There are 2 protein chains.
Amino acid sequence: MMKALVNKKTSEHRSETEISVNHQKLIDATIETIAKRGLADTTIAHVAKRAKVSQGYANFRFKSKDNLLISSLQYLSDEYKKSWQKIFEEKNIDPIDRIIRIVQNDFSSKIANRNKISVWIAFYSEVKFRPSYLTICQRQDEIYSQQMEKLVSEINNISNQKEFSPKEVSETYHSMVDGLWQRILFDPKIYTNEFCKNLVLKYFKSIYLNEDRFA
Amino acid sequence: MMKALVNKKTSEHRSETEISVNHQKLIDATIETIAKRGLADTTIAHVAKRAKVSQGYANFRFKSKDNLLISSLQYLSDEYKKSWQKIFEEKNIDPIDRIIRIVQNDFSSKIANRNKISVWIAFYSEVKFRPSYLTICQRQDEIYSQQMEKLVSEINNISNQKEFSPKEVSETYHSMVDGLWQRILFDPKIYTNEFCKNLVLKYFKSIYLNEDRFA
DNA sequence: TTTTGTATTGAATAATCATTCAATTTTTAT
DNA sequence: ATAAAAATTGAATGATTATTCAATACAAAA
């Protein structure tokens, strides 16, 4: 039985690109399988079949099932981090527009879609993976929160808003996002990304009453 | 080998109370086991051992493992519903005090503790149990939301607040609660029940600026 | 006490699944 | 073209675990 590499190159050394083909196929297949079947029913056999490689290979390639699973969480975490980091760094953009972009990003279809939310939730909810989840995500969460507080602080100054501290606003925002991501998973008819984004913007509106861009 | 019933009665027919002893012991053991080991590593053997009955009995008593698991979710759901229903029915209490009681209830140690939050999250996050979760919880969620909107509507009238609709406030509150329950699980040092309650009250403060009780 | 029915046990069964690895195919180097 | 190295397969293994059920313990009735 044969299995040809996609995008194979014929005249050089096997490159990282090539190695990454199966690697990424397996990561993608893992995310899809977790979303479709749940973590409990995600077997190496299912993932391998979806990725169109053999079961033995999937295990060999990632050393173990757990390592494959955690690698797919790491992938999502990296992807997410890149997306918000870019926005926080846009120093030439007005802070209010920047925070609106953060919200848009958190509810963009690339980030807040059912497959990916399934994976986040699967990992943080399973006791076995919670240590890995915290290792991978906690530090980034801290940085995100820190940047968020800085941004809120700037907006507070501009808007002369003193009642609500940057920490409070950031914590409230973050917990809303987590809650709404859940809801996108359960009831996507009602909780569309647009609906969630607008609800969060409305929260900011309640803090910054005279700022029209949040309305 | 023998196993005596606790609270056994000697001079009547076996009563519901007696039957319930093992029933409830198994439910409690299930909740503790899910919280401690996670849904994936919750075996009948673990639960039975913790409940101090035999493995065979646990299975026999609840027909199947899945039925035992779902019964423990049902138990939590009923308990939660009773607690908030009571508060919504306290019509003689001022609406603002009533909503404060709802918040207090949602972050009381009886409701929002790590064991019980673990179980909620375990069920809604596992694809296999999501249908059961929705069957058990969706209808109650709707009632809760409906009552919440009614309450917010009253408060809006009292406070002459028009900017934020009852639905928006209710949705925002609900998503914050879900998000904060998660955080209680991850980082209980920072996210104490008190901290979460105050954060939510501060949100209400942002809506009802001239209402001191939310501060 | 003896009988009868019910509760409970625990060991056996059968199914599932991660992991291993010898065999095969594919790629690279000569 | 051929050999050597690397990638990939898939079947076998061993561990885990839900479920079953015959055997036992217990309670109630006679």
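Residue numbering restarts at 1 for every chain, and letters A, B, ... go by the order of the sequence lines. Quick caveat: nothing in here was measured; it's all calculated off a predicted structure.
The distance from atom CG of B:L39 to atom C1' of D:dT17 is 15 Å, rounded to the nearest whole Å. Between the P atom of C:dT9 and the NZ atom of B:K52 lies a distance of 13 Å, rounded to the nearest Å. Look at CZ on A:R61: it is 19 Å from P on C:dA18, rounded to the nearest Å. Between the CG atom of B:L26 and the P atom of D:dA18 there is a distance of 14 Å, given to the nearest Å. Counting to the nearest Å, the C1' atom of D:dA15 and the CG atom of B:D41 are 14 Å from each other. In this structure, A:H46 places its NE2 atom 10 Å from P of C:dT16, rounding to the nearest Å. The nearest whole Å value for the distance from the CZ atom in A:F60 to the C1' atom in D:dG10 is 15 Å. The distance from atom OH of A:Y57 to atom P of D:dG10 is 14 Å, rounded to the nearest whole Å.
Shown are A:M176, A:K205, A:Q104; of these, the side chain to side chain contact (heavy atoms under 4.5 Å, CB included) with A:V200 is made only by A:M176. Among the candidates B:Y203, B:F204, B:F107, the single residue satisfying the ring pair (Phe, Tyr, Trp, His ring centres under 6.0 Å) test with B:Y173 is B:F204.
Taking side-chain N and O atoms only, B:N59 has no distance below 4.0 Å to OP1 or OP2 of D:dA18. Contact annotation: B:N22 reaches the phosphate of C:dT8 (side-chain N/O to OP1 or OP2, under 4.0 Å).
The side chain of B:T43 lies closest to D:dA18 when the candidates are D:dA18, D:dT9, C:dT9. Comparing D:dT19, D:dT8, C:dT9 by their nearest atom to the side chain of B:I44 picks out D:dT19. Of the listed nucleotides (C:dT19, C:dA18, D:dT9), C:dT19 has the atom at the smallest distance from the side chain of A:S64. You'll find that the side chain of B:Q55 is closest to D:dA18, out of D:dA18, C:dA18, D:dT8.
Listed for the B:E171 side chain is no donor-acceptor partner under 3.5 Å among the backbone atoms of A:L199.
Aromatic pair A:F129/A:F123: centroids less than 6.0 angstrom apart. Residues A:Y191 and A:F186 place their aromatic rings such that the two centres sit no closer than 6.0 Å.
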